[in-house]
Every structure is written in structure tokens, then in C-alpha cells.
Amino acid sequence: MTAIPADSKPSADSAETAGAGGPAGPSGPVLHSAVIDWFDGHARDLPWRRPDAGPWAVMVSEFMLQQTPVNRVLPVYEQWLARWPSPADLAAEPPGEAVRAWGRLGYPRRALRLHGAAVAIRERHGGRVPSDHAELLALPGVGEYTAAAVASFAYGQRHAVLDTNVRRVFARAVSGREFPPDATTAAERKVARALLPDDEPTAARWAAATMELGALVCTARTPHCVRCPITAQCAWRAAGSPAHDGPPRRGQTYAGTDRQVRGKLLAVLREAVAPVPQAALDRVWDEPVQRARALDGLVADGLVEPLDGGLYRLPLS
DNA sequence: TAGACGTGGTG
DNA sequence: TCACCAAGTCT
């Protein structure tokens, strides 16, 4: 079976779409149908995908899902939207409340940025999550992926949505490699654009479907090719599923790092209802230089507010 | 552009 | 057990 060509034309090219199994390989629409039909039968019932989930709910989910598994997001997401059903509701509270409600999701700067995005939405967009990609991109915490995801999932627009799942699916199916490059490349964007269905609703469906395929089937550790709807067209399979070559992929160290210390410090402040004395923070880490550096970093990031008398709390502004 | 930035589940 | 991994963004 012919693998998906890296230079696939958009499906508008009727000459190519007409002949299934033509010389250029599988046509776009065939590929789209295979993945989207699979999605129709296997998509998880996630709250941010339900009809009652508006743009704000989608945006909240996208922030929380950055580098964070679905299962850990679910309970925090539910509480968050119950407490702050609109951007204005969140914007009306201090940023520290967002950090507190973030709980142990990790990367708490996301909470600060989501709060900042809510403020910006109130100030610049009349309290409505913007639908324009450039306006989304201008919000704090919204990068290339999140802007495309919100525009696509919340507003049904046509955007190349390149998250780690989609990048892995394309790396395998199109490029014949086990893993994508460390950082998103122009070549990956080109592939994603080329494979994007022409009409908006189908493109939005395709974006969600390819993400789900990567999350459930074309997984990083042990891909379930037997259950894959496009296994017959996968370049990586066709090549015999070669192992990743080249330099080892960047690992994440954590134990003993500033990140760990920051996490411990912030955990104390999240649980506290009143300003916390320095001494209480000193207990979480015994190495004073690293501890001070971590605390300074949290203050510099706006995650912690220092008060007079050696007291600290989550930020009121 | 490489590295910082949390946390916890898992093979 | 312990690296690896999870819907990235920012500098």
C-alpha cells in the first residue's frame, strides 16, 4: 500500500481526488474519511467537546491540557467552570485565586496566564473569547497551538492544529519516522496544511480526529497499529516501523531542581488562607541558596506576592 | 533556539 | 525501579 505522500495536495485538487488509488497515492478525502469515521466511533466523551461547551470552556480546557493528561484535568476543569463560567467571572477575582484553584495541575504560570487572558478578553473583547486567530494569539498563554485549537474547536474554523499527538501521527504516517522533531518545523506545518480538508467543518473535525488518533492509537510508547484506521497508508509501518534514530530526545529532569522547590513552596501558599511567614516556607527545602532562588523566581513570575514582615501570599494583583 | 517551567501515572 | 511521557508557551 502506498504511503501518504509528504507533498499531498489539498483535497480541492479534483483530479487527484477522483481516482482512488491513483498514481499519487491515497486521496485526501479517503484519508479524511478514514480518520473522521474512526473518530465518530471512538472519540472520548469529554466535557469540552459537548454541545454545551462554549468558547470559554474550550479555552479553559486547552490551557489545562497543555502538557497535562486528560484524566488529571477533568476534575479541576469542572470546578473551574462551575466557579468561573465566563471570562469576566475569572477576571473579577485576584490572580492568586486562579493559582489556588489550579491545584496540582502543574506549570502554575498557566493559571496566571489564563487569568491574564480573561482580563484581556474583558478589556479588549467585551468579555467574549475572540474568534480571530491573531487576536487569540495575542492573549497571554496562547501560542500557535492553542490559538488554532480554540479557533477550530470552539468556532469551527479551518486551521492546522499541530499538537504533540498530531505531530506524531504525521511523523509516522507521512514521514515514516517514529517521532517528530523536538520543535515544530516549517516542514511539519506544510504537511499539516496540505492535509487539511477544504471546508471548515470537516477541517475542524479532522483536527480533533487526528489529535484523538494520536492520543488513543498512535501513542508514543506502544502504538496500537492493529486498531489504526490508516495503518495501510502509514509510511512508518510500510518501512517496517524503524526505531527512532539520531540524538536521544530531550529528557526532563525534576528531582532536586528549582522546579521541584518552586512546586513545594507554592503548595504551601496554595493551602494557606492567610499570609505565610518565611519560616513556614523554609521548612520545605533545606538548601537555603536554592530555596531563596526558587522563591525569588516565583515572585518575579508574579506567582507569589511578598509582604512586609517576611510574609508571603498568592498574588492579589 | 535551547532551556525553564510541575506533577503524577506508567511500562 | 525509574526514565519516559502528557492537547505548550515564553524568553
Side-chain angles (χ1 to χ4, degrees), chain A residues 43-44 46-49 53 57-77 99 102-114 116-117 136-154 159-169 178-186 188 192 204 207-216 218-224 244 247-270 284 290 293-294 296-298 300-304:
Chain A
R44 290 167 292 179
L46 299 171
W48 45 86
R49 287 181 180 159
V58 172
M59 173 170 277
V60 169
S61 76
E62 291 303 337
F63 269 77
M64 291 184 174
L65 288 164
Q66 292 169 7
Q67 301 284 285
T68 308
V70 166
N71 288 335
R72 201 155 347 132
V73 164
L74 285 169
V76 182
Y77 167 88
V99 174
W102 199 253
R104 306 188 65 77
L105 276 186
Y107 291 144
R109 289 188 294 191
R110 290 182 294 166
L112 224 44
R113 290 170 182 156
L114 182 51
L136 286 165
L137 199 54
L139 297 172
V142 176
E144 177 183 349
Y145 161 76
T146 301
V150 172
S152 181
F153 302 152
H159 293 283
V161 180
L162 269 180
D163 80 322
T164 188
N165 290 305
V166 176
R167 295 181 60 220
R168 188 174 53 249
V169 168
E178 186 179 17
F179 297 115
D182 280 343
T184 304
T185 63
E188 288 183 274
T210 48
M211 281 180 66
E212 193 76 335
L213 186 62
L216 299 183
C218 194
T219 52
R221 209 81 66 96
T222 50
H224 310 285
H244 175 76
R249 311 167 72 217
R250 198 166 74 232
Q252 317 173 39
T253 53
Y254 182 64
T257 61
D258 287 6
R259 283 158 87 173
Q260 185 181 22
V261 184
R262 287 166 57 105
K264 287 178 176 295
L265 291 170
L266 205 57
V268 172
L269 294 167
R270 272 200 313 266
V284 307
Q290 187 179 27
R293 185 172 64 233
D296 285 349
L298 288 170
D301 288 345
L303 283 163
V304 172

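Just so we're clear, the structure is a prediction, and the values are computed from it rather than from any experiment. Chain A is the first sequence line, chain B the second, and so forth, proteins listed ahead of strands; every chain is numbered from 1.
- Place A:T68 and A:R109 on DNA chain C by their nearest nucleotides, and A:T68 ends up nearer the 5' end.
- Of the listed nucleotides (B:dG6, C:dA7, C:dT9), C:dA7 has the atom at the smallest distance from the side chain of A:R49.
- Going from atom CD of A:Q260 over to atom P of B:dG8 covers 11 Å, rounded to whole Å.
- Between A:V150 and A:V142 there is no side-chain heavy-atom pair separated by less than 4.5 Å.
- Donor-acceptor pairing under 3.5 Å, judged by distance alone, is present between the side chain of A:R72 and the base of B:dT7.
- At C:dT9, none of the side-chain N or O atoms of A:Y145 fall inside 4.0 Å of OP1 or OP2 (strictly under the cut-off).
- Relative to the side chain of A:R113, the nucleotides C:dA7, C:dT9, B:dG6 differ in distance, and C:dT9 lies closest.
- Within 4.0 Å (heavy atoms only), A:G143 reaches sugar-phosphate atoms of the nucleic acid but no base atom.
- If you measure from atom CZ of A:R167 to atom P of C:dA7, you get 12 Å, rounded to the nearest angstrom.
- Across A:R270 and A:V99, no two heavy atoms sit closer than the pair CD-O, 3.6 Å.
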Practice problem: Please lay out, stage by stage, how A:L265 and A:L269 fare under the test side chain to side chain contact (heavy atoms under 4.5 Å, CB included). | Solution: CA-CA 7 Å; A:L265 291 170; A:L269 294 167; 5.6 Å; no
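- Residue A:L112 contributes atom CG, which lies 21 Å from atom P of B:dA4 at whole-angstrom precision.
- In the set B:dC5, C:dC5, C:dA7, C:dC5 carries the atom at the smallest distance from any side-chain atom of A:A220.
- If you check every strand for non-hydrogen atoms under 4.0 Å, A:V142 touches sugar and phosphate atoms only.
- Not a single donor-acceptor pair, N or O on each side, falls under 3.5 Å between the base of C:dG8 and the side chain of A:T164.
- Checking the phosphate oxygens (OP1, OP2) of B:dG8, a side-chain nitrogen or oxygen of A:R104 falls inside 4.0 Å.
- Partner of A:M64 under the side-chain contact (heavy atoms from CB on, under 4.5 Å) criterion, out of A:Y77, A:Y107, A:W48: A:Y77 alone.
- Within the 4.0 angstrom heavy-atom criterion, no nucleotide atom of any strand lies near A:L266.
- Between the base of C:dG8 and the side chain of A:Q67 there is a donor-acceptor pair shorter than 3.5 Å.
- Between the CH2 atom of A:W102 and the C1' atom of C:dT9 there is a distance of 12 Å, given to the nearest Å.
- Inspection of the A:Q66 and A:T146 side chains reveals an N or O donor paired with an N or O acceptor under 3.5 Å.
- One can place OH of A:Y107 at 14 Å from P of B:dG3, the figure rounded to the nearest angstrom.
- Each of A:W48 and A:G141 was assigned the nucleotide of DNA chain C with the nearest heavy atom; the assignment lying further toward the 5' end belongs to A:W48.
- The phosphate of C:dT9 (OP1 or OP2) has a side-chain N or O of A:T146 nearer than 4.0 angstrom.
- The separation of B:dG3 from C:dA7, taken at their P atoms, amounts to 23 Å, rounded to a whole angstrom.
- Nearest-nucleotide assignment on DNA chain B puts the 5′-proximal partner with A:D258, out of A:P69 and A:D258.
- No contact: A:F63 has no heavy atom under 4.0 Å from any strand.
- Taking 3.5 Å as the limit, the base of C:dC5 and the side chain of A:R221 contain no donor-acceptor pair of atoms between them.
- When all heavy atoms of A:R110 and A:G106 are compared, the closest pair comes out as NH2-O, 2.7 Å.
- Each of C:dA7, B:dC5, B:dG8 was ranked by its minimum atom distance to the side chain of A:D163; first place goes to C:dA7.
- Between the CZ atom of A:F179 and the C1' atom of C:dC4 there is a distance of 10 Å, given to the nearest Å.
- Contact between the side-chain N/O atoms of A:R168 and the OP1/OP2 oxygens of C:dA6 is found at a separation under 4.0 Å.
- You'll find that the side chain of A:R262 is closest to B:dC5, out of C:dA7, B:dC5, C:dA6.
- Contact annotation for A:L137: no contact, since no heavy-atom pair falls under 4.0 Å across all strands.
- Remark: the separation of the C1' atoms in C:dT9 and B:dG9 is 23 Å, to the nearest Å.
- Between A:D296 atom CG and B:dC5 atom P the separation is 13 Å, expressed in whole Å.
- The OH-C1' distance, from A:Y77 to C:dA7, rounds to 13 Å in whole Å.
- Proximity of A:L266 to A:W102: side-chain heavy atoms (C-beta onward) are nowhere separated by under 4.5 Å.
- Checking A:G263 against A:A183, the closest nucleotide of DNA chain B that is more toward the 5' end is the one next to A:A183.
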